[in-house]
Amino acid sequence: MTHTQHINPQAHNIELAKLLKQSGDFTPPEWVALVKSGAGKMRPIDDSDFWYKRTASILRQMQKRGIVGVERLRTRYGNRKNRGMKPAEFRKGAGKIIRVILQQAEAAGYIEKAKGKRAGRQLTPKGKQLLESVK
């Protein structure tokens, strides 16, 4: 496989997020500061670079898994919801955030809709090159 599977994923994602922020291909919408990143979260997003970090993480998931759709990513970014006296339950992540990031990545040419039996999106050669350029 590629060298990115043998490095620290957290450090890789942070470096990739910095690169994506400088590229100007991704712009967080105005509403991102007002929404939660999933139904299981208690508070809205606090990190100013959240959009770029989530984008880097999604691109890395595509590199690892190949073809990925919104529902699989919603499950990946979900978490446990604290329901007070009731037992905690799993909740999926916010789909709108993932959809908009995928649309921006598609417009930038990093990903494309998969052709074939499986639905979803996959990395383009430009996207693979971007991920491998990050040290």
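Since we're looking at a predicted model, the values are computed, not measured. Because only heavy atoms are used, hydrogens play no part in the values below, and waters and symmetry mates are left out as well, while side chains stay in.
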Quick check: are there more than 12 heavy atoms from other residues, nucleotides or ligands sitting under 6.0 Å from [atom1] of [X]?
X: Gln129; atom1: CD; answer: no
X: Asp47; atom1: CG; answer: yes
X: Lys126; atom1: NZ; answer: yes
X: Lys41; atom1: NZ; answer: no

Taking all non-hydrogen atoms of both residues into account, name the closest pair between [X] and [Y] and its distance.
X: Arg91; Y: Gly40; value: CB-N, 3.8 Å
X: Gly95; Y: Val70; value: O-CG1, 4.3 Å
X: Pro44; Y: Ala33; value: CB-O, 3.9 Å
X: Tyr77; Y: Ile58; value: OH-N, 3.3 Å
X: Lys36; Y: Ala94; value: O-CB, 4.0 Å

So how far is it from [X] [atom1] to [Y] [atom2], rounded to the nearest 0.5 Å?
X: Arg74; Y: Arg99; atom1: CZ; atom2: CZ; value: 7.5 Å
X: Lys64; Y: Leu131; atom1: NZ; atom2: CG; value: 12.5 Å
X: Tyr52; Y: Asn13; atom1: OH; atom2: CG; value: 16.0 Å
X: Ile98; Y: Arg54; atom1: CD1; atom2: CZ; value: 6.0 Å

Report task. Go through Met62 and Tyr110 one step at a time and tell me if the side-chain contact (heavy atoms from CB on, under 4.5 Å) criterion holds. Result -> CA-CA 11 Å; Met62 293 184 135; Tyr110 297 127; over 6 Å; no
Report summary line: Sorted by chain and residue number, the side chain to side chain contact (heavy atoms under 4.5 Å, CB included) partners of Gln104 (sequence neighbours excluded) come out as Phe26, Thr27, Trp51, Val100
Would you check if the side chain of [X] reaches a backbone N or O of [Y] as a donor-acceptor pair within less than 3.5 Å?
X: Ser23; Y: Leu20; result: yes
X: Arg80; Y: Glu89; result: no
X: Lys113; Y: Glu106; result: no
X: Thr124; Y: Glu112; result: no

Same apolar cluster (I L V M F W Y, side chains within < 4.5 Å links), [X]/[Y]:
X: Phe90; Y: Leu73; result: no
X: Ile111; Y: Ile67; result: no
X: Val32; Y: Met42; result: no
X: Leu19; Y: Ile14; result: no
X: Ile97; Y: Leu34; result: no

Query raised in the report: Hey, does Leu16 have a side-chain heavy atom less than 4.5 Å from the side chain of Leu130?
Result: yes
Query raised in the report: Does Arg72 reach the side chain of Arg65, with side-chain heavy atoms less than 4.5 Å apart?
Result: yes
